[in-house]
Amino acid sequence: MVQLQQRAVQNHTVTMLEIGTSLLSQTVEQTRKLSKIETQVLNQTSRIEIQLLENSLSMNKLEKEFMRQTDEISRICERSRFLERKVYDMETRHQSEVGSVRRERESLQQLVTQQVSTIRELEKRVQAASSNNSGLQRQQLQLVDTVQHLVTLVSQRKAEVKKEQIYRDCAEASESGANVSGVYTIQIENTTDPREVYCDMETSGGGWTVIQRRFNGSLDFQRNWKEYKLGFGDRSAEHWLGNEAIYQLTNQRPYSLRIELRDWDEHKVYGLYDKFHLSSERQKYRLYLRGYSGTAGRQSSLATHGVSFSTRDADNDNCHCKCTLLLTGGWWFDACGLSNLNGVYYTAGNHLRKLNGIKWHYFRGPSYSLLSTIMMIRPSDF
């Protein structure tokens with residue numbers, strides 16, 4: 001009996017232990033689940049706190065932006081009130097100006113009305129006077145015709161006087177009012193026959209008498225002494241004025257000489273001599289120069305010490321080789337010299353390495369033949 005009770009107690013104890021164990025296991029499992037749930041709750045709480053912090057920061061930014069917008073709206077409102085005052089002031093001034101304009105318009109209308117009345121009165125008076133002025137008008141027309149006739153006669157007389165006027169040189173023509181380059185008639189002092197010359201009225205103030213001009217090779221400059229003495233060529237084209245005429249011109253008063261040169265590259269230069277004159281034919285038209293300047297070289301290419309003029313039939317140079325036969329043309333060769341503007345005219349492409357061409361040593365060297373040359377004189381005191 002006792003054993004049965006003990007076995008019953010043992011069975012009961014085992015059962016209670018199993019129940020306790022089961023309850024403990026369940027408790028542990030529930031505790032684990034509660035811990036997991038607690039962890040999840042803590043994580044969710046942290047996320048919520050972070051979100052709340054972010055929302056708080058965003059709210060602060062929004063509050064600041066709201067305050068800024070509120071300030072901006074306040075400034076805009078203040079600006080709007082200022083503009084409203086300006087518009088009000090402008091409207092006030094505009095109304096005042098409109099009233100003033102309206103008053104001025106009324107005054108002008110009154111003035112126009114008065115002027116219309118005055119004009120009508122004047123028209124009546126003019127009509128009345130017109131009937132009395134027909135005789136005066138006829139006399140006025142006759143007077144105008146007479147004046148026009150007199151003006152025509154005076155103009156014709158001036159033209160005749162100008163046509164008949166003869167000058168000592170181109171400078172005197174320029175001083176008399178002539179300002180167009182062309183052929184003029186001059187009367188050199190102590191000569192009997194008038195002479196035609198070409199006058200340059202444009203270069204450096206004008207008044208230049210041209211004594212030599214070459215530009216296209218249309219004229220042969222290979223001439224004898226007599227031809228160079230008397231001159232040759234067309235005064236309006238290529239020509240040599242003549243040594244006798246140059247001598248007579250330069251001995252009636254002091255003259256300057258200007259030489260203009262142009263090469264085949266269209267470069268233009270000039271040489272100016274303050275004093276220039278020739279001696280007589282008896283002295284072989286010796287050349288005298290003084291005072292060189294210009295752009296045609298650092299020094300003169302033209303002899304300046306009483307060199308005589310030479311031609312193919314009158315050898316007056318200072319060389320036994322007869323420069324005029326070597327270099328051709330008529331010129332002040334000296335000992336064949338540094339220049340010859342009356343040499344052979346060579347065309348483009350054939351103008352290099354030509355010792356007998358149109359040369360000016362200190363411009364393009366001793367064997368370059370130039371495109372064009374002009375020699376002209378003018379009184380030194382012009």
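Keep in mind that what you see is a predicted model, and the values were worked out from it rather than measured.
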Checklist entry - Do any pairs count as a disulfide bond (SG atoms under 2.5 Å apart) and have a residue in residues 336-382, sequence neighbours left out, and if so which ones? => result Cys323-Cys336

Item to check | disulfide bond (SG atoms under 2.5 Å apart) contacts touching residues 5-52 (sequence neighbours left out) | outcome: none

Checklist entry - Taking the inter-plane angle between the rings of Tyr292 and Tyr273 on a 0 to 90° scale, is it parallel (under 30°), tilted (30 to 60°) or perpendicular (over 60°)? => result tilted

Checklist entry - What's the spacing between Thr209 OG1 and Glu172 CD if we round to 0.5 Å? => result 10.5 Å

Next on the checklist: Can a donor-acceptor pair be found, under 3.5 Å and without considering hydrogens, that links the side chain of Trp264 to the backbone of Ser369?
Outcome noted: yes

Item to check | Modelled atom types, side-chain donor and acceptor of Ser25 and Glu29, under 3.5 Å | outcome: no

Checklist entry - Less than 6.0 Å separating the ring centroids of Tyr368 and His351? => result yes

Item to check | pair Lys354-Val344: side-chain heavy atoms closer than 4.5 Å | outcome: no

Item to check | Parallel, tilted or perpendicular, as decided by the 30° and 60° cut-offs, for the rings of Tyr228 and Phe309 | outcome: tilted

Checklist entry - More than 12 foreign heavy atoms under 6.0 Å from CD of Glu196: is that the case here? => result no

Checklist entry - Which pairs count as salt bridge (Lys or Arg N to Asp or Glu O under 4.0 Å) when at least one residue sits in residues 275-290, sequence neighbours excluded? => result Lys229-Glu281

Checklist entry - Quick one: do Asp200 and Arg258 make a salt bridge, cutoff under 4.0 Å? => result no

